[in-house]
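Reading through the structure tokens given below for one structure.
All of these numbers come straight from a predicted model, not from anything done at the bench. Throughout, residue positions are numbered sequentially from 1 according to the sequence presented. One-based numbering, in listed order, for ligands and for the atoms of each.
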Amino acid sequence: MGNVPFVSNNPKPTRNEALEYYRRVAQSFNLNINLFEEVIQVDRGQLTDDSRTSFTVKTSKSTYSCNNIIIATGFYDIPYLLNIPGEELPKVTHYYSDPHFYAFQDVVVVGAMNSAVDAALETYRKGANVTMIVKGDSIGSRVKYWVKPDIENRIKEGSIKAYFNASLKEIRPEDVDIETPDDLITLKNDWVIAATGYQPNLRFLEQVGIELSSDEVRCPTINQDTHETNIPGIYLAGVICGGMNTHRLFIENSREHAVKIMKDIAP
Ligand SMILES: Cc1cc2nc3c(=O)[nH]c(=O)nc-3n(C[C@H](O)[C@H](O)[C@H](O)COP(=O)(O)OP(=O)(O)OC[C@H]3O[C@@H](n4cnc5c(N)ncnc54)[C@H](O)[C@@H]3O)c2cc1C
């Protein structure tokens with residue numbers, strides 16, 4: 001990014017290497033980052049002397065004025081819920097990060113896409129007793145091609161237990177109920193990692209006045225060359241550009257968004 005080299009000791013960079021790199025990019029460009037501050041509302045003001053719209057951005061901490069806004073809100077803040085009894089228990093999480101936390105304990109992982117597979121493999125390798133609960137009959141076809149054989153072989157050899165065509169029915173402090181094609185199974189359980197996916201906050205875009213397509217993808221309106229929305233001065237970058245199609249854009253193919261936007265804002 002920004003011509004800052006990314007050095008890795010591995011064929012694929014690890015999460016920690018990526019985080020080091022991103023922080024270094026931010027420091028290199030001396031970016032002004034206001035952490036733990038949520039944008040609540042964006043209001044359009046009057047045209048300025050040079051015929052540009054001014055915006056007022058209200059946040060959880062302050063209010064700002066600006067002529068351009070780039071919205072890059074991703075899709076990670078609103079998880080798809082299981083909507084079953086016990087989901088509110090403190091042992092249930094939709095956000096997995098540290099595998100060591102789960103060592104030597106009984107972990108249920110719900111899902112079969114990238115997040116679920118990463119959580120299952122990593123916690124298993126730190127000593128957790130892992131059971132996957134998969135809605136369909138196989139591991140997701142979009143799981144990273146270099147990871148998929150690993151999880152499939154761990155399931156085949158029995159190191160990680162997996163119930164296919166199955167769903168979690170109830171979570172209790174000591175155990176969980178799993179509906180399988182054969183039976184309702186009760187399993188002793190310490191933690192549930194519900195890797196059931198996330199949805200973008202499209203309501204926020206609508207509140208700002210950005211138009212979304214009427215089909216189920218609900219794609220925001222943007223000019224593909226500049227990433228400007230139907231509101232002059234407001235741009236979109238990253239995963240949010242894909243609407244509900246959250247798997248279409250990822251880090252590698254979103255990096256060009258910022259370049260296009262900045263060419264339009266500051267040619
Ligand atoms: C488990 C997992 C593994 C992944 N692995 C890979 C991988 O190996 N390679 C790859 O290319 N991609 C991977 N991805 C996808 C990658 O994380 C996303 O493509 C990328 O993070 C999207 O960047 P973004 O800037 O669009 O959104 P995000 O990275 O989601 O950033 C959005 C930010 O906006 C903040 N925000 C939202 N609303 C507001 C608001 N109202 N006010 C203020 N801030 C707000 C959010 O809190 C968040 O910090 C993975 C994703 C997951 C979940």
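Without hydrogens or angle criteria, Y102 side chain to Y124 main chain gives no donor-acceptor distance under 3.5 Å. S115 places no side-chain N or O within donor-acceptor distance of the main-chain N or O of A195, the cut-off being under 3.5 Å. Judged by distance alone, the side chain of K135 and the main-chain N or O of A112 form no donor-acceptor pair under 3.5 Å. Of the possible donor and acceptor atoms, one in the side chain of D98 sits under 3.5 Å from a partner among the backbone N and O of H100. Although no hydrogens or angles enter the test, the distance criterion places a donor-acceptor pair under 3.5 Å between the side chain of N253 and the main chain of R248. Here the side chain of H227 pairs no donor or acceptor atom with the backbone of Y235 at under 3.5 angstrom.
Contact annotation for atom 48 (C) of ligand 1: protein absent (non-hydrogen atoms, distance under 4.0 Å). Taking a distance limit of 4.0 Å, we find that atom 3 (C) of ligand 1 is approached by no protein heavy atom. For atom 29 (O) of ligand 1, no protein non-hydrogen atom is found at a distance below 4.0 Å. Less than 4.0 angstrom separates atom 14 (N) of ligand 1 from none of the non-hydrogen atoms of the protein. Protein heavy atoms are found less than 4.0 angstrom from atom 53 (C) of ligand 1. Protein heavy atoms are found inside the 4.0 Å sphere centred on atom 38 (N) of ligand 1. Within the 4.0 angstrom cut-off, atom 8 (O) of ligand 1 has one or more protein heavy-atom neighbours.
Remark: ligand 1 atoms within the under-4.0 Å shell around heavy atoms of E38 are 40 (C), 41 (N), 42 (N), 43 (C). The distance from ligand 1 to the heavy atoms of G238 drops below 4.0 Å at these ligand atoms: 26 (O).
Using a 4.0 Å cut-off between a side-chain N of Lys or Arg and a carboxylate O of Asp or Glu, D264 and K260 do not qualify as a salt bridge.
Here the protein heavy atom with the shortest distance to atom 51 (C) of ligand 1 is F75 CZ, 5.0 Å. In terms of protein heavy-atom proximity, atom 45 (C) of ligand 1 is nearest to T73 CG2, 4.1 Å. Atom 32 (C) of ligand 1 has as its closest protein heavy atom A72 O, 3.3 Å. Considering only non-hydrogen protein atoms, atom 22 (C) of ligand 1 sits nearest to V239 CG2, 3.4 Å. The nearest heavy-atom contact from the protein to atom 11 (O) of ligand 1 is I251 N, 3.1 Å. Annotation: atom 1 (C) of ligand 1 to nearest protein heavy atom, S115 OG, 3.3 Å. Looking only at heavy atoms of the protein, atom 27 (O) of ligand 1 is closest to G74 CA, 3.2 Å. In terms of protein heavy atoms, atom 41 (N) of ligand 1 is closest to V39 O, 3.1 Å.
Between the side chains of N16 and T14, not a single donor N or O lies within less than 3.5 Å of an accepting N or O. At a cut-off of 3.5 Å, with distance as the only test, a side-chain donor of N129 or D106 sits close to an acceptor on the other residue.
Put simply, the side chain of K91 does not reach to within 4.5 Å of the side chain of D190, judged on heavy atoms. Using a 4.5 Å heavy-atom threshold, the side chains of Q207 and Q41 count as separate.
Under 4.0 angstrom from ligand 1, the non-hydrogen atoms of D77 all belong to its side chain.
Counting only non-hydrogen atoms, the option in E37, R248, K144 that gets closest to atom 43 (C) of ligand 1 is E37.
For the ligand labelled ligand 1, residue N201 lies outside the 4.0 Å heavy-atom shell.
Between Y21 and F6, the angle of the ring planes stays under 30°, which puts this pair in the parallel group of the 30/60° scheme.
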